[in-house]
Protein chains: 2
Amino acid sequence: MPTVSSEELAAAAGVNSAKLRKDFSYLGSYGTRGVGYDVEYLVYQISRELGLTQDWPVVIVGIGNLGAALANYGGFASRGFRVAALIDADPAMAGTPVAGMPVQHTDDLEKIISDNGVSIGVISTPAGAAQQVCERLVAAGVTSILNFAPTVLSVPDGVDVRKVDLSIELQILAFHEQRKAGEEASDDGVVPPVAAKQQRKGPDGDVPAVMPA
Amino acid sequence: MPTVSSEELAAAAGVNSAKLRKDFSYLGSYGTRGVGYDVEYLVYQISRELGLTQDWPVVIVGIGNLGAALANYGGFASRGFRVAALIDADPAMAGTPVAGMPVQHTDDLEKIISDNGVSIGVISTPAGAAQQVCERLVAAGVTSILNFAPTVLSVPDGVDVRKVDLSIELQILAFHEQRKAGEEASDDGVVPPVAAKQQRKGPDGDVPAVMPA
DNA sequence: CTATCTTTGTGCACGCGTTCACAAAGACAT
DNA sequence: ATGTCTTTGTGAACGCGTGCACAAAGATAG
């Protein structure tokens, strides 16, 4: 029986072994003292807890480049997701196969949701259409929404929304890149108030009018 | 002079006003007691600290659906990013305009990086090509990489990599969806400390350390 | 100039998550 | 059986980030 110790797993994941054991303990006592964790059993238990063993039908609304990329993304199936339908508002796209699946028109959205028992929807429409699509999804019974459109969606209580901003990660990289570049000048992250204030350009310095949203 | 108080900002952002003030204080003393923060000045200071005022040329390697979606993504320009080049290994794509910009061939990767002073690269190739592309980018001088390919890249010290897995957010939604469903049925199990913050994501998201692939 | 009012900037205390450290549990050898 | 050895599961201590509460600072009015 192949096993792993919390120590091995912790080293591999780069975390503290005690924390890992405590985390596992929330799922139950699946380890054997003096031996470790049965790999296969542990994988199954974690998979079950995370919902990987269930089948989650999802719909993708908005089949532009991003929607098509998502439809083709291989990582979904292996994590228990099944793309039940691709939906787009453009009548010209209806019937066009994307990732081996015909695109359906927005008119049929409610029926598709209902027929497939979909509770998770992915929105990859332009920003302008997102809120309206969101409302139709929710009205049709969707209770979790993954939003790729650059808008904050407003939803009733009980509906989960997660917003994915593709530029945020890039932003973080740029932030660290800036740190790397400016490290030789001021060592610490905390900039002394006086020094920082002195970096201000004149009252008429080139100041951007609006913070990018 | 238009101003905002920490109280107003905190209410809008849904956070504690003291925390917000303390956070701002790390950037310097930009507020005026009894008045608040000068909006324009504050925006500029935050923008500068985050690197939004700099121009970051980036290259996107792998112009499939995802690469095209990224090239068309409007959020980049407003955050200080400039797509310097689109690169693909397919000779048939060379010259094809995507997002108003001709796709260039991988052969010219090094020259493109060098000529444009690019230090940030985006990889949206298939998994099999990612590591090789990564190595060429690094050799050419790139020190930050945003990886959309479903592979873990190995890089030398001093190079930052951030991996974006489009299915992770979906995974999190499914996890909570499962919770919703199982909540009314059995409430006896121990509930692990998982906090779901709507439309907000930590640096690494609230994803468990260990997860089966 | 003094008084009053508003809001910042921050010392301090509290709470929560992480880590330490060890007793308990099981495997395995004798 | 009994003892030794390994590794889990967890109580307790620690440390860090968050939030409270207030003095300091500046605006504004009299």
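Reminder, nothing fancy here: chain letters follow the sequence lines and each chain counts from 1.
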Out of curiosity, D160(A) CG to L146(A) CG, how far, rounded to the nearest 0.5 Å?
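The CG atom of L146(A) is 11.5 Å from CG of D160(A), to the nearest 0.5 Å.
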
Atom OG in S6(B), atom CG in N16(B): separation rounded to 0.5 Å?
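Output value for this atom pair is 9.0 Å.
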
Spacing between [X] atom [atom1] and [N] atom [atom2], to the nearest angstrom:
X      : N       : atom1 : atom2 : answer
D23(A) : dC16(C) : CG    : P     : 17 Å
L20(B) : dT7(C)  : CG    : C1'   : 13 Å
Y26(B) : dG11(C) : OH    : P     : 10 Å
D38(B) : dA27(D) : CG    : P     : 13 Å
Q45(A) : dT8(D)  : CD    : P     : 16 Å
F24(B) : dT8(C)  : CZ    : P     : 10 Å

Once you apply a heavy-atom cut-off of 4.0 Å, does S17(A) come out as touching a base, just sugar-phosphate, or nothing?
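S17(A): no heavy atom of the nucleic acid under 4.0 Å.
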
Distance-only donor-acceptor pairs under 3.5 Å for side chains of residues 113-123 of chain A, two or more places apart:
from: D115(A); atom 1: OD2; to: K111(A); atom 2: NZ; distance (Å): 2.6
from: N116(A); atom 1: ND2; to: I112(A); atom 2: O; distance (Å): 2.8

Is any side-chain nitrogen or oxygen of [X] closer than 4.0 Å to OP1 or OP2 of [N]?
X      : N      : result
S6(A)  : dT8(D) : yes
S5(B)  : dT7(C) : no
Y30(B) : dT7(C) : no

Any N/O pairs under 3.5 Å between the protein and nucleotides 19-21 of chain D? List them or say none.
from: dG19(D); atom 1: O6; to: K22(B); atom 2: NZ; distance (Å): 2.6
from: dC20(D); atom 1: OP2; to: N16(B); atom 2: ND2; distance (Å): 3.0
from: dA21(D); atom 1: N6; to: R21(B); atom 2: NH2; distance (Å): 3.2

For residues 125-151 of chain A, which residue pairs pass the salt bridge (charged side-chain N to carboxylate O under 4.0 Å, His left out) check, not counting sequence neighbours?
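The answer is E110(A)-R136(A).
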
Salt bridge (charged side-chain N to carboxylate O under 4.0 Å, His left out) contacts in which one or both residues fall within residues 51-71 of chain A, not counting sequence neighbours
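Salt bridge (charged side-chain N to carboxylate O under 4.0 Å, His left out) check on residues 51-71 of chain A returns D55(A)-R82(A).
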
With a 3.5 Å cut-off and sequence neighbours excluded, list the donor-acceptor pairs that the side chains of residues 29-43 of chain A form with protein atoms.
from: Y30(A); atom 1: OH; to: L27(A); atom 2: O; distance (Å): 2.8
from: Y30(A); atom 1: OH; to: Q45(A); atom 2: OE1; distance (Å): 3.1
from: Y41(A); atom 1: OH; to: Q45(A); atom 2: NE2; distance (Å): 3.1

Listed partners of Q54(B) passing side chain to side chain contact (heavy atoms under 4.5 Å, CB included), at least two apart:
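Scan of Q54(B) (side chain to side chain contact (heavy atoms under 4.5 Å, CB included), adjacent residues dropped) gives Q178(A), W56(B).
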
For A127(A), check side chain to side chain contact (heavy atoms under 4.5 Å, CB included) against everything at least two apart and list the hits.
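Checked A127(A) against side chain to side chain contact (heavy atoms under 4.5 Å, CB included); matches are P150(A), T151(A).
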
Pairs under 3.5 angstrom only: tabulate donor-acceptor contacts from the side chains of residues 61-76 of chain A to other protein residues two or more places apart or in another chain.
from: N72(A); atom 1: ND2; to: A68(A); atom 2: O; distance (Å): 2.9
from: Y73(A); atom 1: OH; to: D165(B); atom 2: OD1; distance (Å): 3.1

Where do N or O atoms of nucleotides 4-6 of chain D meet protein N or O atoms at under 3.5 Å, pair by pair?
from: dT6(D); atom 1: O2; to: G34(A); atom 2: N; distance (Å): 3.4

